[in-house]
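As structure tokens, the structure follows; a few thoughts come after it.
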Amino acid sequence: MTTENTPVSTDFIREIINEDNRAGKHNGRVHTRFPPEPNGYLHIGHAKSICLNFGIAQEYGGLCNLRFDDTNPCKEEVEYVDSIMEDVRWLGFDWEDRLFYASDYFDQLYDWAVQMIEAGKAYVCDLSAEQTRQFRGTLTEPGKNSPYRDRKVEENLDLFTRMKAGEFPDGTRTLRAKIDMASPNLNMRDPVMYRILHAEHHRTGDKWCIYPMYDFTHGQSDSLERITHSICTLEFENHRPLYDWYIQELGIFAPRQIEFARLNLTYTMMSKRRLLELVRDGHVAGWDDPRMPTICGLRRRGYTPEAIRNFCKRIGVSKVDSVVDIALLEHCLREDLNKRAPRVMAVLKPVKLVIDNYPDGQIEEMEAINNPEDAAAGTRLVPFSKVLYIEEDDFREEAPKKYHRLTPGQEVRLRYGYLVTCTGCVKDPATGAVVEVHCTYDPATRGGNTPDGRKVKGTIHWVSAAKAVDAEVRVYDNLFTKPDPGDVPDGQDYRVNLNPKSLEIIPAAKVEPSLASAKINDKCQFERLGYFSVDKDSQPGKPIFNRTVTLKDTWAKIEGRGAGGEG
RNA sequence: UGGGGAAUAGUGUAACGGCAGCACAAAUGACUCUGGAUCAUUUAGUCUAGGUUCAAAUCCUAGUUCCCCAGCCA
């Protein structure tokens with residue numbers, strides 16, 4: 001290791017695993033798991049955990065299980081189970097035959113609970129939820145023992161059996177661990193192990209009316225699956241002593257829990273509760289709305305698994321609460337899409353460009369490069385004609401400095417077309433809006449070439465008016481207007497930071513004819529605009545494109561900077 | 001005035017007592033048939049105060065700030 005001149009740096013989790021392996025802890029065996037609760041859709045924060053757990057297993061030649069922590073039947077649904085499996089697979093990971101559910105272990109957990117009662121380590125408590133809270137004490141004051149704490153083993157056994165048999169209504173009794181009501185760690189103040197819940201479980205149906213708490217389930221589930229390294233988020237650090245206590249009392253295999261900081265992203269909200277609210281209150285169109293940070297939302301937006309995985313690799317992992325700049329995610333996306341997305345021309349805000357000296361009715365097929373980053377992608381033919389659509393933004397009657405586009409007297413290149421010189425425009429006399437831009441072309445510049453070697457600063461994209469295909473384009477922006485959506489005035493909530501312009505629908509964009517046959521989820525780059533992905537709402541002949549991410553726009557920066565000066 | 005964690009450029013992350021590095025962002029320039037991509041350059045950091053040491057981001061002491069915990073949620 002000291003001979004290595006380029007030491008590869010490892011994060012603190014891999015370092016712990018390395019130490020364990022060096023010490024021969026599990027004979028080098030590494031087994032992790034991704035343990036979601038099926039009560040919502042997976043988001044980019046989960047992707048971090050998935051990449052960590054499955055990634056570590058791959059790197060160490062180990063295994064990673066998928067296990068649903070389904071101990072609360074009131075919140076969990078198969079819809080979520082299915083979506084989670086789909087998303088993990090889409091991200092590119094495989095749990096093979098190791099799909100588990102905490103509910104698989106309900107019988108074993110029940111037996112262990114009985115065992116703890118018999119050992120005098122657990123008791124049935126008749127306190128109400130409210131009373132339990134009062135007896136628990138506070139952060140600074142110790143709790144008080146429950147009056148039911150010293151029940152005899154036989155009575156506890158009888159009561160617990162009858163809880164299971166359904167003799168008592170919800171909330172009337174709990175099974176609690178007998179630990180220490182004075183512990184400074186509130187999790188150790190006789191935590192509830194089982195509660196009564198007459199609820200239908202998505203897997204076990206009505207077999208049970210008592211359900212184990214997460215804390216009495218999670219550690220043992222890891223133990224049963226022989227998980228060597230149980231990786232979870234920071235908020236469970238306080239629970240580790242409790243998991244360790246159960247494991248020790250039960251005398252079973254002890255996984256090692258390691259906690260890391262969950263992912264936060266600027267302009268984004270990651271809490272499942274709030275994401276659910278956004279969906280329920282109709283602020284977005286669903287869990288897979290392309291503005292959502294959910295995996296399915298990102299997928300629909302046009303993200304690739306590669307981009308997300310690379311992002312997870314780059315953000316690293318530590319125990320520091322942090323907020324990652326969404327720009328990094330977008331960078332990873334562009335980096336991936338730049339290599340793979342075919343280039344096409346599309347005009348979002350069309351205005352007609354008429355080439356006055358171009359023959360009426362003539363159509364030329366111009367050869368265009370599909371992807372300058374990938375020679376193997378080849379070329380295609382794009383029809384060119386006298387009347388084209390160009391971007392509204394690409395013409396200014398009065399142009400600012402450094403404006404390299406169409407303005408009277410200025411020559412620009414029509415990408416893969418011809419060089420044209422702007423001669424003026426026609427305006428709607430009523431509104432003053434530009435309805436037509438006029439120009440003349442230089443026939444010697446076919447294909448956009450300049451045989452005389454002359455340089456033009458600007459190149460703009462276009463679509464033949466005669467051959468254009470109509471398309472809807474959905475232009476997305478951040479869902480929130482502030483880097484921290486939770487940054488709100490007193491008495492208000494994150495909803496005031498919802499971005500009213502997070503979605504702009506462009507019903508009548510003009511795209512080149514090759515796009516007529518685009519298939520759902522196809523990705524492409526609209527030259528000079530950004531990357532786009534075909535939405536599932538598309539109809540034959542009427543494609544719908546989601547803007548995945550813009551291209552970096554230097555001009556917008558230049559212009560934005562000068563914006564204070566003049567219009 | 002309980003317990004558990006964490007502090008390194010704007011952001012994220014390295015360093016394991018020996019030259020504070022990388023990525024994103026930002027800025028400048030080169031190049032360009034995408035104001036894209038690419039390339040080059042620049043700006044910018046060890047929470048504070050003491051101490052140990054030839055040498056401290058790293059070890060010690062004291063403080064400061066932030067996060068988590070009082071669900072029969074996970």
Side-chain angles (χ1 to χ4, degrees), chain A residues 7 9-11 15 35-37 39 69-72 74-76 125 127-129 132-134 136-143 170-176 183-189 191-197 211 213-215 217-218 232-241 259 261 266 272-273 314-332 334-335 338-339 343 345 368-369 372-373 402-405 413-417 419 447-450 455-461 483 525-530 550-559:
Chain A
S9 82
T10 56
D11 58 69
E15 217 150 282
E37 183 192 12
N39 69 341
D69 270 334
D70 54 353
T71 54
N72 185 354
C74 306
K75 291 187 179 173
E76 295 147 9
C125 180
L127 255 26
S128 69
T132 305
R133 189 179 318 130
Q134 281 159 4
R136 187 155 31 227
T138 69
L139 293 178
T140 50
E141 300 158 17
D170 288 2
T172 52
R173 277 173 236 264
T174 55
L175 182 72
R176 301 176 66 181
S183 171
N185 181 345
L186 301 233
N187 294 123
M188 302 298 273
R189 321 243 262 228
V192 172
M193 297 162 62
Y194 268 88
R195 75 287 215 185
I196 301 172
L197 239 38
Y211 290 92
M213 298 290 292
Y214 173 85
D215 280 351
T217 305
H218 190 79
C232 66
T233 43
L234 250 29
E235 68 268 26
F236 293 105
E237 212 153 17
N238 293 330
H239 296 243
R240 179 155 31 96
E259 307 87 4
T266 55
K272 269 199 214 175
R273 203 193 97 234
R314 289 213 203 185
I315 56 176
V317 51
S318 72
K319 300 193 70 151
V320 191
D321 286 306
S322 59
V323 184
V324 175
D325 192 337
I326 188 96
L328 181 59
L329 214 211
E330 294 181 341
H331 168 81
C332 293
R334 290 192 185 101
E335 187 177 57
N338 178 48
K339 285 181 300 190
R343 272 60 169 173
M345 290 195 283
I369 294 166
E373 305 292 321
K402 296 189 189 169
Y403 184 81
H404 302 149
R405 309 177 187 183
R413 172 186 290 110
L414 295 174
R415 181 106 158 131
Y416 303 124
L419 266 56
N449 300 308
T450 51
K455 301 277 185 201
V456 270
K457 286 227 183 78
T459 296
I460 65 173
H461 61 276
Q525 182 196 100
F526 289 175
E527 294 218 23
R528 303 209 299 138
L529 297 177
T550 60
L551 251 26
K552 285 214 269 181
D553 191 345
T554 310
W555 170 246
K557 258 182 213 166
I558 295 170
E559 205 182 24

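We name chains A, B, ... by the order of the sequence lines, and we start the count at 1 in each one.
A:R334 comes within 4.0 angstrom of no nucleic acid atom, judged by non-hydrogen atoms across all strands. When heavy atoms are screened at a 4.0 angstrom cut-off, A:R176 is found touching no nucleic acid atom at all. Across all strands, A:K402 comes closer than 4.0 Å to base atoms (heavy-atom distances). Contact annotation for A:E141: no contact, since no heavy-atom pair falls under 4.0 Å across all strands. Base contact: A:L551 has a heavy atom under 4.0 Å from a base atom. Using a 4.0 Å heavy-atom distance criterion, A:T554 is classed as a sugar-phosphate-only contact. At the heavy-atom level, A:Y416 lies under 4.0 Å from base atoms of the strands shown. Residue contacts for A:V456: at a heavy-atom cut-off of 4.0 Å it reaches no nucleic acid atom on any strand shown. Using a 4.0 Å heavy-atom distance criterion, A:Y403 is classed as a base contact.
If you take NE2 of A:H404 and P of B:C31, they are 14 Å apart, rounded to a whole angstrom. Atom CD in A:Q525 sits about 11 Å away from atom P in B:G36, given to the nearest Å. At whole-Å resolution of the value, CG in A:D325 and C1' in B:C22 are 17 Å apart. Per the geometry, CG belonging to A:L329 stands 14 Å off C1' belonging to B:U11, to the nearest Å. Counting to the nearest Å, the P atom of B:A9 and the CG atom of A:L328 are 17 Å from each other. We find that CG of A:L529 is positioned 14 Å from P of B:A37, with the value rounded to whole Å. Taking atom CZ on A:R314 and atom C1' on B:G12, their separation rounds to 11 Å, with Å as the unit. Remark: P of B:G4 and CZ of A:R189 are 13 Å apart, rounded to the nearest angstrom.
Secondary-structure annotation of RNA chain B gives the stems B:2-7 with B:64-69, B:10-13 with B:21-24, B:26-30 with B:38-42, B:47-51 with B:59-63, with a stem taken as at least 3 successive Watson-Crick or G-U pairs whose two distances both fall under 3.5 Å.
Within the 4.0 Å cut-off from OP1 or OP2 of B:C24, at least one side-chain nitrogen or oxygen of A:H331 is found. Distances shorter than 4.0 Å separate some side-chain N or O of A:K557 from OP1 or OP2 on B:A27.
Not counting sequence neighbours, the partners of A:K457 by the side chain to side chain contact (heavy atoms under 4.5 Å, CB included) test are A:H404. Residues meeting the side chain to side chain contact (heavy atoms under 4.5 Å, CB included) test with A:S318, sequence neighbours left out: A:V320. Judged as a salt bridge (Lys or Arg N to Asp or Glu O under 4.0 Å), and not counting sequence neighbours, A:R413 has no contacts.
Here the side chain of A:E15 is nearest to one of B:C16, B:G36, B:G35, namely B:C16. Nearest to the side chain of A:R405, among B:U34, B:G35, B:U13, sits B:G35. For A:D11, whose side chain is taken as the heavy atoms from C-beta onward, the closest listed nucleotide among B:A7, B:A14, B:C24 is B:A14.
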Practice problem: Encode nucleotides 38-48 of chain B as B, S and - characters from 5' to 3', where the letter depends on protein heavy atoms closer than 4.0 Å: B to the base, S only to sugar-phosphate, - to neither. | Solution: -----------
Exercise. Let me have a per-nucleotide readout for nucleotides 66-74 of chain B, 5' to 3', with B, S or -, counting only protein heavy atoms under 4.0 Å.
Key: -SBBBSBSB
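Checked for salt-bridge contact, A:E37 and A:K75 miss the test: no charged N lies under 4.0 Å from a carboxylate O.
Distance check on atom P: B:U58 versus B:C16 gives 13 Å, rounded to whole Å.
With a glycosidic angle further than 90° from 0, B:G63 counts as anti.
A donor-acceptor contact shorter than 3.5 Å is absent between the side chain of A:R334 and the backbone of A:L551.
In terms of position along RNA chain B, the nucleotide closest to A:S318 lies nearer the 5' end than the nucleotide closest to the other residue of the pair A:T450 and A:S318.
Taking each heavy atom of A:R343 and A:N338 in turn, the nearest pair found is NH2-OD1, 2.6 Å.
Contact annotation: the side chain of A:N72 never approaches that of A:N39 to less than 4.5 Å [non-hydrogen atoms, C-beta and beyond].
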